[in-house]
Amino acid sequence: MKTYIVGNWKMNLTVGESSIYLQKLLKRIKMSKDIEVAVAPSTIALQTLSVQLERNKSKVKLAAQNFYHRDYGAYTGEVSVMQLNGLVNYAIVGHSERRYIFGETNKDLKLKVAAAIRNNITPILCVGETENERTYGETKDVIRDEIFGALSEIDAEDVKKVIIAYEPVWAISSTKGAKIAAPDEIANTIKLIKSELKEIYGKEIAEKVPILYGGSVNPSNAGAYLTIPGVNGLLIGGSSLISDHFIDIIEIAKRVAR
Ligand code: PGA
């Protein structure tokens, strides 16, 4: 399986800044067949960046940070995943900021996962417990609800098109005071995710679903996270905004994959 390195720029960088960043990335990285690199800029930058990637014949991919589950219609202000088709290969679904700031529920996410698959875009489904849930020993139940909730209508054939990102909410944005998750603790939750997938789809199919880790990943800890058994890549927020850090993480991933 490939190693996925995905940068989530969140609500940062103008279109111009995004384009300059991408140019630097394209100049500096040598793509490898073992590593899939994707960035998730703001929606307004997707068109520009997509043209830029095409012009450079680059294998770097784009991801959407969000979308609405309906394909078209009277939904002022929304962007559908159908409209993103042709611009992105991936779409982040259920990031904790969407869940906790914008109130997205597992029911909403079920519709989004289905919409992404229907439109040939790979959903990167984020799951993870909050600090309180972790303190009260609820991690297992939360992960179970999030996986079963979002995938309940996805069959075995389609789940092979899904990527799961485990992002403990308490470990996101260490620059804003979050904790750094220890690889051991992550390993346990990854096992849990795998066993939930096995329970629904059986071992063979479950093994085909890539699982990424996200939460305060930086060039100093990326190697340790990538060597956790069952981790197939990283979803990176803050550190992906610094192009040098993101490039370092890609290089680390190449070394680990070898
Ligand atoms: P972080 O963000 O790397 O800044 O912790 C990760 C994420 O929110 O996906």
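This chain uses plain numbering: 1 for the first residue, then up along the sequence. Note that ligands are numbered from 1 as they come in the structure, with each ligand's atoms numbered from 1 the same way. A quick note: this is a predicted structure, and the numbers were derived from the prediction, not measured.
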Original post:
Do the rings of Tyr4 and Tyr90 sit parallel, tilted or perpendicular, given the 30° and 60° boundaries?
Top reply: perpendicular

Original post:
Out of Glu104, Glu129, Glu146, which residue meets the salt bridge (Lys or Arg N to Asp or Glu O under 4.0 Å) rule with Arg99?
Top reply: Glu146

Subject >> All side chain to side chain contact (heavy atoms under 4.5 Å, CB included) counterparts of Asp184, not counting sequence neighbours >> reply: none

**OP:** Using distance alone, determine whether Gly237 and ligand 1 share an N or O pair under 3.5 Å.
**Re:** yes

Subject >> Contact with ligand 1 for Gly214, non-hydrogen, under 4.0 angstrom >> reply: no

Original post:
Polar-atom distance check: Leu235 versus ligand 1, any N or O pair below 3.5 Å?
Top reply: no

Original post:
At a 4.0 Å threshold, what atoms of ligand 1 neighbour a non-hydrogen atom of Gly215?
Top reply: 5 (O)

**OP:** State the atoms of ligand 1, each with its element, that fall below the 4.0 Å cut-off from a heavy-atom position in His95.
**Re:** 7 (C), 8 (O), 9 (O)

Original post:
For Ser239, is at least one N or O under 3.5 Å away from an N or O on ligand 1?
Top reply: no

Subject >> For Glu167, atoms of ligand 1 separated by under 4.0 Å from a heavy atom >> reply: 6 (C), 7 (C), 8 (O), 9 (O)

Subject >> Remaining members of the apolar cluster that contains Met82, side-chain heavy atoms under 4.5 Å >> reply: Tyr72

Subject >> Per-atom contacts of ligand 1 with Gly238, taking only distances under 4.0 Å to non-hydrogen atoms >> reply: 1 (P), 3 (O), 4 (O)

Subject >> Minimum heavy-atom distance Ala257-Ile35, with the two atoms named >> reply: CB-CD1, 4.1 Å

Subject >> Element-labelled atoms of ligand 1 that are located less than 4.0 Å from some non-hydrogen atom of Ser216 >> reply: 1 (P), 3 (O), 5 (O)

**OP:** Would you kindly say whether Asp71 and Asn119 are connected by a side-chain donor-acceptor distance under 3.5 Å?
**Re:** yes

Original post:
Quick one: do Glu185 and Arg134 make a salt bridge, cutoff under 4.0 Å?
Top reply: yes

